[in-house]
A.B. asks: 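Below: one structure in structure tokens.
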Amino acid sequence: MAAKDRYTSKISCLNCSESGLLHISEADHPYMKSPDREVDEVTGNFDARALDDIEIEITCKTCGTTFPWRK
């Protein structure tokens, strides 16, 4: 089993400027087909969900705007 890299990314809504943090983990093995990215926690007034092993969708609870997270 591959080890996991964990990191934190600042997120901000483009519509209302709400801000928070996205805590993510992913496989650190260079030979894996995908990073197997997972949302560990999200702070601020946001919901986050992994759409697949790579893409994460963020929803601002303040204004309802949905946007993709990009590394």
Side-chain angles (χ1 to χ4, degrees):
M1 179 172 204
K4 291 278 193 174
D5 280 339
R6 289 175 169 59
Y7 53 95
T8 301
S9 179
K10 292 180 183 179
I11 54 175
S12 181
C13 179
L14 300 173
N15 190 43
C16 71
S17 300
E18 180 76 37
S19 62
L21 296 172
L22 182 63
H23 301 275
I24 299 166
S25 60
E26 63 182 33
D28 70 348
H29 196 280
Y31 301 108
M32 294 192 68
K33 286 184 174 183
S34 74
D36 193 25
R37 194 168 288 147
E38 297 176 354
V39 175
D40 295 329
E41 180 183 2
V42 63
T43 63
N45 204 19
F46 294 97
D47 280 328
R49 67 184 184 112
L51 298 178
D52 54 32
D53 288 344
I54 298 172
E55 192 172 358
I56 295 173
E57 180 181 80
I58 309 291
T59 302
C60 177
K61 293 182 194 176
T62 301
C63 70
T65 300
T66 299
F67 55 96
W69 175 82
R70 302 254 195 275
K71 183 176 180 181

A.B. asks: Which heavy-atom pair separates Glu55 from Pro68 by the least distance, and what is that distance?
C.D. replies: OE2-CB, 4.3 Å
A.B. asks: Just jot down the side chain to side chain donor-acceptor pair (under 3.5 Å) partners of Ser12, sequence neighbours excluded, or say none.
C.D. replies: none
A.B. asks: Using side-chain contact (heavy atoms from CB on, under 4.5 Å) as the criterion, list what pairs up with Thr8, not counting sequence neighbours.
C.D. replies: Leu21, His23
A.B. asks: For Phe46 versus Cys13, what's the shortest heavy-atom pair and its separation?
C.D. replies: CZ-N, 4.0 Å
A.B. asks: So, using salt bridge (Lys or Arg N to Asp or Glu O under 4.0 Å) as the criterion, who are the partners of Glu57 when residues are at least two apart?
C.D. replies: Arg49
A.B. asks: Look up atom CZ in Arg6 and atom CD in Glu26, then write down how far apart they are to the nearest 0.5 Å.
C.D. replies: 11.0 Å
A.B. asks: Only one of Thr65, Thr62, Asn45 clears side chain to side chain donor-acceptor pair (under 3.5 Å) with Glu18; which?
C.D. replies: Thr62
A.B. asks: Let me check something: do Tyr7 and Ile58 share a hydrophobic cluster, defined by ILVMFWY side-chain heavy atoms less than 4.5 Å apart, either directly or through other members?
C.D. replies: yes
A.B. asks: Output all residues satisfying side-chain contact (heavy atoms from CB on, under 4.5 Å) with Val39, sequence neighbours left out; order by chain, then residue number.
C.D. replies: Leu22, Ala48, Ile56
A.B. asks: For Ala50 and Arg37, work out which heavy atoms get closest and say how close.
C.D. replies: CB-O, 4.3 Å
A.B. asks: Excluding sequence neighbours, so at least two apart, what forms side chain to side chain donor-acceptor pair (under 3.5 Å) with Asp47?
C.D. replies: none
A.B. asks: With sequence neighbours excluded, what pairs up with Thr43 under the side chain to side chain donor-acceptor pair (under 3.5 Å) test?
C.D. replies: none
A.B. asks: Name all residues meeting the side-chain contact (heavy atoms from CB on, under 4.5 Å) criterion together with Asp5; count only those two or more places apart in sequence or in a different chain, and write none if there are none.
C.D. replies: Asp28
A.B. asks: After noting the C-alpha distance and the side-chain angles of Phe67 and Thr59, does the key distance pass the side chain to side chain contact (heavy atoms under 4.5 Å, CB included) rule?
C.D. replies: CA-CA 7 Å; Phe67 55 96; Thr59 302; over 6 Å; no
